[in-house]
Amino acid sequence: MATSDTIVAIATASGDAAIAVTRLSGPDAVAIAARHFRGARDPVASGSHRILFGSFVVGAAVSGDIRLDTVLLSVFRAPHSYTGEDVVEISSHGGPAIPRSILEALTRSGARAARPGEFTERAYRNGKLDLAQAEAVAAIVRARSDRSLRAAHATLGGDLSRRIEVLDAELVTILAEVESRIDFPAEVREAAEVAALAARSAAAATVLREWISRLPSARRREEGVRVAIVGAPNVGKSSLLNALLGYDRAIVNEAPGTTRDTIEASIWIDGTEIRLTDTAGLHAATDPVERLGVERSERAAAAADLSIVVRDCTRPDAGAAESERFQATASGPVIVAWNKRDLAPSPVAPAAASEVTEVETVALRAGGVDALVAAIRAALPRVLGEYAAAELPATSLRQEA
Ligand code: GDP
């Protein structure tokens, strides 16, 4: 599809950086860039996939050229570009000032500021990417872990789209055969033929069901594993979060029930983002603010992929009922951290045979953090699914639908 206007955007992140790339796409991309370029070679005469060295100039009309920066112009001719249109990428120095001046100069010369995702939208419209691939571009940009990056790359490569095409073709064939037998019942020859069709439908359904069953773990790979740190007030949840993070992100307070809101922070284990949520104590609260925090913590715990239930060695009975209730309702794996091990022995033998992994910690001195991280690592295959990332490139809710 031909688009009439030429769009422009700064393609790199804002902030201090050595270089920035400003990208133009559309029928006038080369002409607009050429208006601001002074170099040994003319962009308008340039072929595709050429890099030209020169200056970016502004204000040529009245005061003559004002040289803004030394730039490299990368020229891509339609249809051999990301969007399928003429594309020019201007590599300049980074920082906030120069890219913004370049952008302003190009918009004054007739380019329109692109909407978010508009380059990829054009690539999709021009048949350079299919919808799953376009989504994968967004997933790559947003990727929070090595695994999700690999999965997004597999989707971008067209893996998912190809597999869906194969399955789609199979389903259409099955449907056509079934319909022809309904329309012409006399054609139904043998029971074996019908059985073969039924087997093919069952096989297709199995493949579909398997994909769908793996989707939650694919989403976890992309978005990170949500870990809720729960337990009674004052057992050391905030201290444990700090110990895991290695810095004071959470506010630790001596008065029970002071961590009233949830606090989120991330660590990475084996390339997977572990999103830790420190919640207010799971207990029967009376104070309305406290009650709000507890409700939030219950929600966080219910939504978590993995839970760390913190217990206090000095008060083994504190929060026992809540902890047990929580362990019974948790959907994902549960790790019990017996904290304040420095003050009292833990009531559980470390080797206890149990469904639940138990570790001993001294959150205050970051003691036992290695064991806790090891327990989280050991639980990851269950949370993420045992599948290799590339096996399941599906990454979005649209694909799930
Ligand atoms: P939370 O309410 O569960 O988040 O508990 P905090 O992390 O705020 O800790 C409550 C109190 O217990 C604070 O005074 C901490 O210093 C203390 N504390 C936390 N972990 C330990 C530990 O392993 N050993 C000792 N001795 N004190 C701890």
Side-chain angles (χ1 to χ4, degrees), residues 225-267 274-304 306-330 332-350 352 356-376:
V225 173
R226 289 162 301 190
V227 176
I229 303 177
V230 294
N234 228 27
V235 293
K237 296 182 297 297
S238 307
S239 308
L240 200 62
L241 175 69
N242 287 341
L244 279 167
L245 296 175
Y247 69 95
D248 284 355
R249 169 72 173 73
I251 302 141
V252 184
N253 201 305
E254 304 235 354
T258 43
T259 312
R260 286 193 162 141
D261 217 334
T262 54
I263 295 169
E264 266 207 39
S266 293
I267 57 171
I274 309 295
R275 293 164 58 185
L276 301 161
T277 307
D278 174 17
T279 64
L282 276 178
H283 70 303
T286 45
D287 166 0
V289 181
E290 180 84 348
R291 179 69 230 157
L292 208 69
V294 172
E295 276 169 13
R296 209 169 289 178
S297 88
E298 277 170 355
R299 272 203 303 279
L306 190 156
S307 306
I308 299 172
V309 179
V310 186
R311 304 286 300 271
D312 187 337
C313 291
T314 63
R315 298 175 294 148
D317 297 332
E322 286 93 338
S323 296
E324 267 149 38
R325 195 185 69 213
F326 179 68
Q327 284 171 38
T329 54
V334 172
I335 297 166
V336 174
W338 284 99
N339 190 40
K340 308 195 189 180
R341 178 68 185 82
D342 54 327
L343 300 179
S346 89
V348 172
V356 173
T357 309
E358 300 191 82
V359 296
E360 298 176 321
T361 57
V362 184
L364 214 51
R365 296 202 300 264
V369 167
D370 288 350
L372 183 56
V373 168
I376 297 172

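Because the structure is predicted, anything quoted here is derived from the model rather than measured. Order of appearance sets the numbers: ligands from 1, and atoms from 1 within every ligand.
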Check ligand 1 against K237 and write out every atom of the ligand that is under 4.0 Å from a heavy-atom position of the residue.
1 (P), 2 (O), 3 (O), 4 (O), 5 (O), 7 (O)
Please determine if K237 and D278 form a salt bridge, counting it only when a charged side-chain N lies under 4.0 Å from a carboxylate O.
no
Ignoring hydrogens, just give me the one of G368, S239, A344, C313 whose non-hydrogen atom is nearest atom 9 (O) of ligand 1.
S239
Do P233 and ligand 1 have an N or O pair less than 3.5 Å apart?
no
Report the part of D342 in contact with ligand 1, treating N, CA, C, O as backbone and CB onward as side chain, heavy atoms under 4.0 Å; options are side chain, backbone, both, neither.
side chain
Considering only heavy atoms of A363, which atoms of ligand 1 have at least one such atom less than 4.0 Å away?
20 (N), 22 (C), 23 (O)
Specify side chain, backbone, both or neither for L343, according to which of its non-hydrogen atoms lie closer than 4.0 Å to ligand 1.
side chain
Can any side-chain N or O of R341 pair as donor or acceptor with the backbone N or O of C313 at less than 3.5 Å?
no
Is there a side chain to side chain contact (heavy atoms under 4.5 Å, CB included) between T277 and R226? Walk through the geometry before answering.
CA-CA 7 Å; T277 307; R226 289 162 301 190; 5.8 Å; no
Do any nitrogen or oxygen atoms of K340 lie less than 3.5 angstrom from nitrogen or oxygen atoms of ligand 1?
yes
Counting heavy atoms under 4.0 Å, the part of V362 that contacts ligand 1 is both
Give the C-alpha distance, both sets of side-chain angles, the deciding distance and a yes or no for side chain to side chain contact (heavy atoms under 4.5 Å, CB included) between K340 and V235.
CA-CA 8 Å; K340 308 195 189 180; V235 293; 5.5 Å; no
Between L244 and I274, is a side chain to side chain contact (heavy atoms under 4.5 Å, CB included) present by the stated rule, with each step listed?
CA-CA 11 Å; L244 279 167; I274 309 295; over 6 Å; no
Take L276 and L241, measure what side chain to side chain contact (heavy atoms under 4.5 Å, CB included) needs, and give me the verdict at the end.
CA-CA 7 Å; L276 301 161; L241 175 69; 3.5 Å; yes
The one among G367, A243, S238 that brings a heavy atom closest to atom 4 (O) of ligand 1:
S238
Within the 4.5 Å heavy-atom criterion, are N234 and D312 side-chain neighbours or not?
no
